[in-house]
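Please read these numbers as outputs of a predicted model, since none were measured by experiment. Only this structure's heavy atoms are used, side chains among them; waters, hydrogens and symmetry mates stay out. For reference, positions follow the sequence shown, starting with 1.
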Amino acid sequence: KNKNNSEEDFEGGFVLEPQVGLWKNLIDLDIQSMYPNIIISGNLSPETISNNGEIWLNNHWFKKEQGFLPTIIKDLFQLRTRYKKLLKETGDKSYHNKQWSAKILLNAIYGVLAYKGFRLYEPRLASTVTWTGRRIINWSKEIVEKDGYIIVGSDTDSLMVKLPDEYDFEKCIEIGKMLRVKLNESYTILMKQFNIENHTFNMQFEKYFKTFLILAKKNYAGWLVWKD
């Protein structure tokens, strides 16, 4: 549940209790900036909520004409990309701080929508963000499981996928990349259910662990041998 001093509670992100144990061949799949991209893809903004809207999410209609919140988020994404490029080109570490600031602002937009003290407090938007996030992660989980792989943990925007013990390094990387492509292609099908023609979701294959120890929720350690 999300409370955040709001007038009404709503369900938060999808969390799957991790399977405690020592695992071999575990890959981490993560949706890049999921909450900001939900706002962009669903065109979620206070002024786009409308009974005459075309996009249907969480029992609310949203107009397709771009709202100001998606516009701000797109601008912040572009700004962060620019700062990261300048950091790489110049080596000026001040650009690292600037791109990090843009990242913090991007991730904060969802939170303030759920905060009663914020001028743009709008629980319909905040709850729609988490509702959509749960649909995306559950959809992703089902696709991975249909391919015969085990999900040993999930937290809001990521999946920890257990591959067979007999897979070697090359096979694990191959499967991780294959799942990334398959999931990204599938999101177009999922979004059409809500009349979203264009989306910005990008599942990333970020890490491969040779071994991974899970002791409890958010309490784990792993032997990282590959990172994108």
Side-chain angles (χ1 to χ4, degrees), residues 13-38 40-42 77-78 80-81 84-85 87-88 96 99-100 103 106-107 130 132-194 196-228:
F14 175 78
V15 177
L16 178 67
E17 285 298 319
Q19 297 186 35
V20 174
L22 179 62
W23 302 98
K24 182 181 178 182
N25 286 344
L26 188 139
I27 62 173
D28 179 53
L29 301 174
D30 186 273
I31 297 182
Q32 185 178 28
S33 303
M34 185 172 74
Y35 281 180
N37 279 303
I38 287 173
I40 291 175
S41 300
F77 272 131
Q78 292 175 359
R80 188 180 182 216
T81 299
K84 291 172 76 173
K85 181 180 179 182
L87 173 62
K88 186 175 181 179
H96 170 74
Q99 70 85 18
W100 188 258
K103 179 180 180 179
L106 282 165
N107 292 332
T130 57
T132 307
R134 293 193 302 275
R135 296 300 175 283
I136 294 171
I137 288 298
N138 273 299
W139 171 276
S140 304
K141 178 176 176 289
E142 290 176 3
I143 288 176
V144 172
E145 290 177 333
K146 283 181 181 178
D147 277 357
Y149 304 115
I150 301 170
I151 307 296
V152 298
S154 176
D155 191 351
T156 306
D157 60 0
S158 64
L159 296 172
M160 293 187 288
V161 184
K162 168 71 178 73
L163 302 183
D165 288 353
E166 62 269 22
Y167 283 7
D168 60 14
F169 173 84
E170 288 76 16
K171 184 67 173 179
C172 289
I173 301 303
E174 176 189 342
I175 296 300
K177 291 180 178 179
M178 179 274 292
L179 288 173
R180 172 178 59 81
V181 172
K182 187 172 187 176
L183 289 169
N184 284 330
E185 289 177 347
S186 78
Y187 296 143
T188 299
I189 299 171
L190 174 62
M191 289 300 110
K192 283 183 178 179
Q193 298 178 14
F194 311 116
I196 296 175
E197 297 172 357
N198 300 299
H199 69 82
T200 56
F201 302 117
N202 179 29
M203 177 66 85
Q204 297 179 315
F205 167 35
E206 292 196 329
K207 300 170 185 175
Y208 162 58
F209 296 89
K210 185 65 175 177
T211 55
F212 198 80
L213 175 65
I214 301 178
L215 298 174
K217 182 179 178 181
K218 297 186 183 297
N219 188 357
Y220 40 73
W223 177 13
L224 178 65
V225 295
W226 182 90
K227 183 177 180 181
D228 187 19

Under 3.5 Å, is there a donor-acceptor pair between the side chain of [X] and the main chain of [Y]?
| X | Y | value |
| --- | --- | --- |
| T200 | S41 | no |
| D157 | Y35 | no |
| Q19 | I151 | yes |
| K227 | Y208 | no |

Looking at every heavy atom in both [X] and [Y], which two are closest together, and how far apart are they?
| X | Y | value |
| --- | --- | --- |
| M203 | R180 | O-CG, 3.0 Å |
| F201 | H199 | N-ND1, 3.0 Å |
| I136 | Y187 | CG2-CE2, 4.0 Å |
| W139 | L190 | CE3-CD1, 3.6 Å |
| D28 | S158 | OD1-CB, 4.1 Å |
| I196 | G42 | CD1-CA, 4.0 Å |

Do [X] and [Y] have side chains that get closer than 4.5 Å, going by heavy atoms?
| X | Y | result |
| --- | --- | --- |
| F77 | S33 | yes |
| K141 | S154 | no |
| P18 | V152 | no |
| I137 | L16 | no |

Look at the rings of Y167 and Y149 and say which category their plane angle falls in: under 30° parallel, 30 to 60° tilted, over 60° perpendicular. perpendicular
Point-to-point distance, once rounded to the nearest 0.5 Å, from [atom1] of [X] to [atom2] of [Y]:
| X | Y | atom1 | atom2 | result |
| --- | --- | --- | --- | --- |
| L26 | L159 | CG | CG | 10.5 Å |
| I175 | K171 | CD1 | NZ | 4.5 Å |
| F205 | L183 | CZ | CG | 12.5 Å |
| Q32 | Q204 | CD | CD | 4.0 Å |
| L163 | I27 | CG | CD1 | 4.5 Å |
| I214 | Y220 | CD1 | OH | 8.0 Å |

Determine whether more than 12 heavy atoms belonging to other residues, nucleotides or ligands lie under 6.0 Å from atom CG of N198. no
If you apply the rule side-chain hydrogen bond (donor to acceptor under 3.5 Å, both in side chains), what do you find for N202 with N184, and how did you get there? CA-CA 6 Å; N202 179 29; N184 284 330; 3.3 Å; yes
Dump the intermediate steps for side chain to side chain contact (heavy atoms under 4.5 Å, CB included) on W100 and K103, then the final yes or no. CA-CA 5 Å; W100 188 258; K103 179 180 180 179; 3.8 Å; yes
Is K207 salt-bridged to D30, cutoff N-O under 4.0 Å? no
